[in-house]
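Contents: one structure, followed by commentary.
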Amino acid sequence: MNEPQGPDHAAVVIDIAGTTLDDNDRRRLQHPLTGGLILFSRNWQSRQQLTELCAEIKRLRPDVLICVDHEGGRVQRFRTDGFTHLPPMRVLGELWMQDAMVATDAATACGYVLASELRACGVDFSFTPVLDLDHGPSGVIGDRAFHRDARVATLLAKSVMHGLLRAGMQSCGKHFPGHGFVAADSHVDVPVDKRSLKAILADDAKPYEWLSTSLGSVMPAHVIYPKVDAQPAGFSSRWLQDILRTRLGFTGAIFSDDLSMQGAKVAGSTLDGALAALNAGCDLVLLCNQSLDGGAAVDELLDGLQQALAEGRWQASADSEARRLDLLPQTAPLVWDDLMLQPAYQQALARLP
C-alpha cells in the first residue's frame, strides 16, 4: 500500500472529543489541511490508552504532529499512571536566586522528564516553554513564568529546551512578544498592552531575540499592542514578519494561539481569524475544544480554508510545511518500561526541584 501523499501546507491543528477516535475524527485527520492534533485532559485515561490513541493517529497520518500543553505546574494535561508531576516554572526562577547553576541543571531535568515521558506514549510535541515575564498582574501567566528578569527567563528556558532536545522534542516559546505585563486573560478577554515597541523589545521580547537560533517554534499572544498595531500579535504581519522574522531573525514555525479564545474574536469568525493569522505569517493555526459538540466548527474551518485556498484568499506555503515537518521528532522514543530504567532519566528525576 502506498503511503498517503503529504499535503502542500497542512496548516490546521485540531482536537478530538474523547479518549478514542470516532469516524469523524478519522475523517478530519485525513483532511489535507490537518497538520496537527492537540490533546487535552479529557483525552487521557491511562498510559496504555494514550499510547494506543497516538498509534492510531499515526497509522492514519504518519506526518501529523501530536501536541499537548504540558508545561508543569497547573498546565500539565497528564498527571496520573506514572507521569511525573513537574513544578511550575516559577520554582526554577526561585531556585536560580539561590544557586543559578543548580537551577539550570534542574531546568534541563524538567525538560528531559517532560519530553521523554510524553514521547514514550507517542506524543510528539509540547507547547513549552513560557517566555512571558513575571510582571505580577497577569493571573493567567502567574507562576507559569520563570522570572521577572528576561535574562534569567531566557537561560532557564534554554535549559528546559536542552532537556526537551535530549529527548528528541522541539520547543515552542510563548506568548510573543509577551503576555505577562497585562492583567486580562486572553481566553476570556482582549488584553491591551499600551507600552511602546521600544519598551517591549527592550524587555518582554528579549527572550525571543536571545533564543532566535534555538527555538523550534513560537506562539504569539492574543494581546493588542496599540502603539505597534491595531491587531493582536497573532494576526499582525508587523509583529510576525517585520519584527519576529526580520528584526529578531526567527526562522522556526509560528503557531496561532487558539482561535476559539476571546482574544481571537477581534478578527471575526473562526475562518476569518484563521485567514488573518495565516496571511499575517502564522504557519499553523490552532482550533481547540470545538470537537465537543460533533465538531461542526472544525469541519467549517477545514472546508472553509480549503475553499479560501482555491479562491486565492491565502497561499499554501512550502516553507511553512517544511517548518511544520521540522517539529516532528527525528529519533525513535524509548518505550515507557525502558525509559524507567534509563540512567539519564533516573538522574533527571533526581535533579527535579
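Values reported hereafter were calculated over all heavy atoms of this structure, with side chains retained and with hydrogens, waters and symmetry mates removed. None of the values given here were measured: they were computed from a predicted structure.
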Checklist outcome for this item: Output for pair (Asp258 CG, Phe127 CZ), nearest 0.5 Å, gives 10.0 Å
Checklist entry - Going by an N to O cut-off under 4.0 Å, is there a salt bridge joining Asp124 and Lys58? => result yes
Item to check | Pair Ser126-Glu71, side chain to side chain contact (heavy atoms under 4.5 Å, CB included): steps then yes or no | outcome: CA-CA 8 Å; Ser126 175; Glu71 304 166 5; 5.7 Å; no
Identify every side-chain donor-acceptor pair in residues 345-353 under 3.5 Å, counting partners at least two apart or on other chains, and give the distances.
unit_1	atom_1	unit_2	atom_2	d
Tyr345	OH	Glu117	OE2	2.5
Gln346	NE2	Met340	O	3.1
Arg351	NH1	Asp105	OD2	2.6

Checklist entry - Should we say atom NZ of Lys206 is surrounded by more than 12 heavy atoms from elsewhere, each under 6.0 Å from it? => result yes
Next on the checklist: Ignoring hydrogens and geometry beyond distance, is a side-chain donor-acceptor pair present between Thr331 and Arg119 at under 3.5 Å?
Outcome noted: yes
Checklist entry - Is any side-chain N of the basic residue among Glu52 and Arg47 closer than 4.0 Å to the acidic one's carboxylate O? => result no
Item to check | Arg247, CZ: over 12 other non-hydrogen atoms inside 6.0 angstrom | outcome: no
Checklist entry - Given Phe78 and Phe40, is the ring-ring contact (aromatic ring centres under 6.0 Å, His included) satisfied, shown in steps? => result CA-CA 8 Å; Phe78 316 137; Phe40 291 94; 9.8 Å; no
Checklist entry - Could you go step by step and tell me if Phe250 and Phe176 meet the ring-ring contact (aromatic ring centres under 6.0 Å, His included) rule? => result CA-CA 12 Å; Phe250 178 66; Phe176 175 79; 8.5 Å; no
Next on the checklist: For a quick test of reading the model, state the closest non-hydrogen atom pair linking Arg74 to Val140 and the distance between them.
Outcome noted: NH2-O, 3.3 Å
Item to check | Lys/Arg N to Asp/Glu carboxylate O, Lys198 vs Asp203, below 4.0 Å | outcome: no
Next on the checklist: Using only atom types and a distance under 3.5 Å, with no angle test, would you say the side chain of Ser159 pairs donor to acceptor with the backbone of Leu155?
Outcome noted: yes
Next on the checklist: Give me the atom names and distance for the closest heavy-atom approach of Gly273 to Phe235.
Outcome noted: O-CE2, 3.2 Å
Checklist entry - Shared ILVMFWY cluster between Val228 and Tyr208, side chains joined below 4.5 angstrom? => result yes
Checklist entry - Are Tyr225 and Trp239 close enough, and set up right, to give a ring-ring contact (aromatic ring centres under 6.0 Å, His included), and what steps lead you there? => result CA-CA 10 Å; Tyr225 308 85; Trp239 275 116; 5.2 Å; yes
Checklist entry - What's the shortest heavy-atom distance between Pro220 and Ser256, and which atoms? => result CD-CA, 4.5 Å
Checklist entry - Out of curiosity, Leu33 CG to Leu301 CG, how far, rounded to the nearest 0.5 Å? => result 8.5 Å
Checklist entry - What residues, two or more places apart in sequence or in another chain, satisfy side-chain contact (heavy atoms from CB on, under 4.5 Å) together with Ser320? => result His9, Asp283, Ser317, Arg323
Checklist entry - Under 4.5 Å between side-chain heavy atoms, hopping through other hydrophobics if needed: is there a path connecting Leu60 to Leu37? => result yes
Checklist entry - Quick check: does any side chain N or O of Ser217 sit under 3.5 Å from a backbone N or O of Ser171, one acting as donor and the other as acceptor? => result yes
Checklist entry - Can the positive tip of Arg166 be found less than 6.0 Å from the middle of the six-membered ring of Tyr112, inside 45° of the ring normal? => result yes
Checklist entry - How far apart are the closest heavy atoms of Ala277 and Val285, and which atoms are they? => result CB-CG1, 3.8 Å
Checklist entry - Any side-chain heavy atom of Val182 sitting closer than 4.5 Å to one from His179? => result yes
Checklist entry - Between Asp257 and Lys174, does at least one N-O distance fall below 4.0 Å, as a salt bridge requires? => result no
Next on the checklist: If you apply the rule side chain to side chain contact (heavy atoms under 4.5 Å, CB included), what do you find for Leu309 with Leu305, and how did you get there?
Outcome noted: CA-CA 6 Å; Leu309 183 62; Leu305 275 180; over 6 Å; no
Checklist entry - How about Asp15 and Ser291: does a side-chain donor come under 3.5 Å of a side-chain acceptor? => result yes
Next on the checklist: Please check: side-chain N/O of Thr246 versus main-chain N/O of Ile243, any donor-acceptor pairing under 3.5 Å?
Outcome noted: no
Next on the checklist: A side-chain contact here means heavy atoms from C-beta on lying under 4.5 Å apart; do Leu302 and Gln306 qualify?
Outcome noted: no
Checklist entry - Should Asp193 and Lys227 count as an ion pair when the cut-off is N to O under 4.0 Å? => result no
Item to check | Flag, side chain of His70 to backbone of Phe125, donor-acceptor distance under 3.5 Å | outcome: no
Checklist entry - Counting only N and O atoms by type, is there a donor-acceptor contact under 3.5 Å from the side chain of Asp303 to the main-chain atoms of Glu300? => result no
Checklist entry - Atom CD1 of Ile14 and atom CG of Asp25: how far apart are they, to the nearest 0.5 Å? => result 7.0 Å
Checklist entry - How far apart are the C-alpha atoms of Leu287 and Ser260, what are their side-chain angles, what is the distance that settles it, and do they pass the side chain to side chain contact (heavy atoms under 4.5 Å, CB included) test? => result CA-CA 6 Å; Leu287 184 62; Ser260 70; 4.1 Å; yes
Checklist entry - Roughly how far, to the nearest 0.5 Å, is CZ of Arg245 from CG of Leu248? => result 11.0 Å
Item to check | Check against side-chain hydrogen bond (donor to acceptor under 3.5 Å, both in side chains), Gln98 and Glu94 | outcome: CA-CA 7 Å; Gln98 299 163 33; Glu94 291 165 349; over 6 Å; no
Next on the checklist: Go through it in stages, so that I can follow the logic: the residues are His31 and Asp299, the test is side-chain hydrogen bond (donor to acceptor under 3.5 Å, both in side chains), and I'd like the CA-CA distance, side-chain angles, deciding distance and then a yes or no.
Outcome noted: CA-CA 10 Å; His31 193 287; Asp299 289 328; over 6 Å; no
Checklist entry - Asp326 versus Gln170: any side-chain heavy-atom pair under 4.5 Å? => result no
Next on the checklist: Would a single hydrophobic cluster contain both Val68 and Leu53, if residues Ile, Leu, Val, Met, Phe, Trp and Tyr are joined by side-chain heavy-atom contacts under 4.5 Å?
Outcome noted: yes
Item to check | Pi-cation contact, Phe181 with Arg195 (under 6.0 Å, within 45°) | outcome: yes
Checklist entry - Is the count of non-hydrogen atoms from other residues, nucleotides or ligands lying under 6.0 Å from His162 atom NE2 greater than 12? => result no
Checklist entry - Does the Glu56 side chain pair with the main chain of Leu21, one donor and one acceptor, at a distance under 3.5 Å? => result no
Checklist entry - What heavy-atom pair brings Trp336 and Gly82 nearest, and what distance separates the two atoms? => result CZ2-O, 3.5 Å
Item to check | Ion pair check, Asp63 and Arg61, cut-off under 4.0 Å | outcome: yes
Checklist entry - Quick one: does Thr154's side chain get under 4.5 Å of Arg151's, heavy atoms only? => result no
Checklist entry - Between Ser236 (side chain) and Gln231 (backbone), is there a donor-acceptor pair under 3.5 Å? => result no
Item to check | Arg79, CZ atom: more than 12 neighbouring heavy atoms under 6.0 Å | outcome: yes
Checklist entry - Any chance the side chains of Thr80 and Trp44 put a donor and an acceptor closer than 3.5 Å? => result yes
Checklist entry - Given the rule that I, L, V, M, F, W and Y join up when any side-chain heavy atoms are under 4.5 Å apart, are Met169 and Leu327 in one cluster? => result no
Checklist entry - Where do Val190 and Ile224 land on the side chain to side chain contact (heavy atoms under 4.5 Å, CB included) test, with the steps shown first? => result CA-CA 7 Å; Val190 185; Ile224 297 174; 3.6 Å; yes
Next on the checklist: Would a single hydrophobic cluster contain both Leu197 and Leu131, if residues Ile, Leu, Val, Met, Phe, Trp and Tyr are joined by side-chain heavy-atom contacts under 4.5 Å?
Outcome noted: yes
Item to check | Neighbour count >12 (heavy atoms, 6.0 Å) for atom CD, Gln48 | outcome: no
Checklist entry - Is the shortest side-chain N to carboxylate O distance from Asp69 to Arg144 below 4.0 Å? => result no
